[in-house]
Amino acid sequence: MAPPARVASNGRPEQAGERQRIVAAMVELVAEQGYKATTVKQLLQRAGVKRADFRRLFSGKRACFLEAYEEMSERFASRVFTAFEAEKEWRAGLRVAAYAAARWVGEHPREVRYATIETMAAGAFAVERREATLRRFVELLDAGREQLDEPDSVSRAMAEGIVGGILGMLTKNLRQEVRARPEDFVPELMFLAIRPYLGHEAAREELSMPPPREAGLEPTTEGT
Amino acid sequence: MVSLPEHLQAKPAGRHRLAPEVRAEHQRERVLDAAISVFAERGYQGTTIDNIVAAAKVGVGTFYELFDNKPDCFVQAYERIVVDARERILVAIPAEAGWPEQACAALRALLELIEVEPVRAKVALVEVQTAGPEALTRHEETVDSVIPLLARGRAQNPALAELPSHLEEAIVGGLAWLLQQRLAQGEFEGVEAHLPDVLEIAVAPYIGREAVASLIAATGQGDSSMAAA
């Protein structure tokens with residue numbers, strides 16, 4: 001039997017509710033005690049769901065962990081890509097996207113922890129999924145090659161290195177519970193991101209560029 | 001006739017033994033090397049202590065004399081790889097050269113090491129991520145230890161004084177991610193394939209792209225430092 005649709009379009013609210021409660025329970029329990037210590041039994045208790053209903057929705061703990069991860073990363077990606085696409089210009093789009101990313105990271109420390117520390121603790125299966133997610137953001141940056149007279153003069157690896165560095169920085173400083181807001185790093189990160197594509201002067205301009213107005217950064221209608 | 005120091009004098013006939021501490025260190029290294037192979041082949045989580053002792057041809061008791069548990073074994077294996085890598089990279093750095101040449105030599109040496117020691121590279125860059133909090137902490141420390149070395153690049157050009165303070169953090173994080181990705185995907189293609197990108201990410205922010213191109217051309221000539229080692 002195929003799993004029920006994620007959105008309860010068939011008018012069976014209790015199934016959609018169950019999935020959400022289990023996913024929420026996973027996120028809570030992992031935040032409290034880590035992935036390894038979390039058991040399906042605890043998930044059932046926390047979510048108020050019977051085992052048979054859990055099994056109908058998820059093949060096991062691992063699948064449930066990944067599902068929760070996918071949901072939060074989809075919310076994050078949606079916010080970032082929406083911001084990017086609202087601008088006509090690549091550079092401006094990147095800046096708005098960077099602020100959207102930084103603000104989301106600042107607003108969702110538990111999800112960030114889940115996506116970094118807990119994912120690594122869960123194991124290689126989770127790390128691989130996360131790496132696939134991050135590669136989506138490489139596309140945003142790699143589009144900068146179209147700015148160049150010779151698009152092939154910069155390799156895609158550059159975009160990978162920059163994305164890796166940016167996300168590492170945003171999440172690392174959060175993990176270390178440093179008081180700095182992620183948004184405070186954006187000018188520096190824009191400097192790094194822009195430099196290979198638009199040159200040193202343009203990159204330097206980013207250091208003193210003010211944050212975009214709030215209007216460009218509202219959450220999507222899906223919520224945060 | 002000058003008499004030899006005691007430790008060089010001929011000993012009575014019979015089995016000559018290494019000092020116990022030397023023997024113990026050899027054994028530790030042998031077990032660590034076996035553990036490294038197993039961690040690379042099976043992944044950290046897929047590795048059991050039984051796998052390690054079988055590969056090392058020692059008993060479980062010996063394992064527990066050397067290590068508290070699997071995470072501890074991994075951390076010691078990781079440190080072994082990193083300490084060795086540091087030595088080999090340092091040796092490759094020309095003492096009298098300016099920062100750009102030194103940075104290029106160090107990064108080239110790192111890539112060469114990855115090329116000739118793919119098993120160790122996989123353990124130190126990929127497996128470390130899922131090997132527990134202590135391993136992760138050591139790895140962050142190792143990656144971050146490159147920051148001061150990179151930051152010396154700021155002196156290259158007075159106009160760079162205004163570079164953002166977290167620049168080096170982002171650079172080393174990005175480099176680590178890039179190398180880790182290549183290794184995890186089995187797409188590491190050698191020094192010459194990756195050196196331009198690595199230098200563009202790590203060195204070009206300080207000296208610019210043209211200078212990096214000259215560096216590659218200049219330091220690509222001559223003996224490979226790793227091959228000569």
Side-chain angles (χ1 to χ4, degrees), chain A residues 34-36 116-117 119-128 130-132 134-135 138 141 153-173 175-176 178 180 182 184-197 199-201 203-204 206-208, chain B residues 42-46 71 126-133 135-137 139-140 143-144 157 159-160 162-182 184-185 187-189 193-202 204-213:
Chain A
Y35 174 79
K36 285 198 166 46
T116 55
I117 296 177
T119 292
M120 287 188 272
F125 76 94
V127 169
E128 279 159 19
R130 173 166 167 254
E131 289 174 353
L134 295 186
R135 286 197 283 271
V138 172
L141 200 56
S153 63
V154 175
S155 78
R156 192 184 147 85
M158 175 56 67
E160 289 181 75
I162 293 170
V163 167
I166 289 175
L167 286 165
M169 264 210 67
L170 287 177
T171 56
K172 173 186 181 183
N173 284 274
R175 287 206 311 276
Q176 294 175 349
V178 166
D184 295 339
F185 302 130
V186 172
E188 318 178 18
L189 300 177
M190 280 298 291
F191 170 90
L192 263 187
I194 294 292
R195 196 199 50 82
Y197 306 100
H200 200 84
E201 281 312 308
R204 279 172 61 182
E206 294 294 329
L207 297 178
S208 43
Chain B
R42 294 173 172 265
Y44 175 79
Q45 290 181 328
V126 178
E127 296 308 321
V128 68
Q129 290 191 91
T130 55
L136 212 51
T137 300
H139 188 54
E140 283 182 3
V143 172
D144 286 352
N157 181 343
L160 301 181
E162 68 191 274
L163 283 188
S165 58
H166 294 90
L167 180 74
E168 286 80 16
E169 252 186 279
I171 289 174
V172 300
L175 264 189
W177 160 261
L178 187 65
L179 293 173
Q180 177 192 306
Q181 283 297 287
R182 292 291 178 270
Q185 310 281 321
E187 288 170 359
F188 185 80
E189 282 160 19
H194 299 301
L195 186 64
D197 290 324
V198 165
L199 292 181
E200 181 67 25
I201 291 170
Y206 303 96
I207 65 175
R209 175 173 304 170
E210 289 80 23
V212 164

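Residue numbering restarts at 1 for every chain, and letters A, B, ... go by the order of the sequence lines. Model, not experiment: these values are computed from the prediction.
- Residue contact with chain A, scored on non-hydrogen atoms closer than 4.5 Å, is absent for B/E127.
- B/P205 approaches A/L192 most closely through the heavy-atom pair CG-CD2, 4.4 Å.
- Listed in order of number, the residues of residues 170-180 of chain B that approach chain A to under 4.5 Å between heavy atoms are B/A170, B/I171, B/G173, B/G174, B/W177, B/L178, B/Q180.
- With a 4.5 angstrom heavy-atom cutoff, A/A122 touches chain B only via backbone atoms.
- Across every non-hydrogen atom of A/A124 and B/Q45, the tightest pair is N-OE1, 3.9 Å.
- When each of A/M158, A/E160, A/R195, A/H200 is scored by its heavy-atom pairs under 4.5 Å with chain B, the top score falls to A/R195.
- A/P196 has its side chain within reach of B/R209: a pair of non-hydrogen atoms, C-beta onward, lies under 4.5 Å apart.
- Ranking B/H194, B/Q185, B/E200 against chain A, the residue ahead of the rest is B/E200, based on heavy-atom pairs under 4.5 Å.
- Using a 4.5 Å cut-off between heavy atoms, A/A121 touches chain B through its backbone atoms (N, CA, C, O) alone.
- Looking at B/Q129 and A/E131, their side chains come closer than 4.5 Å, going by heavy atoms from C-beta outward.
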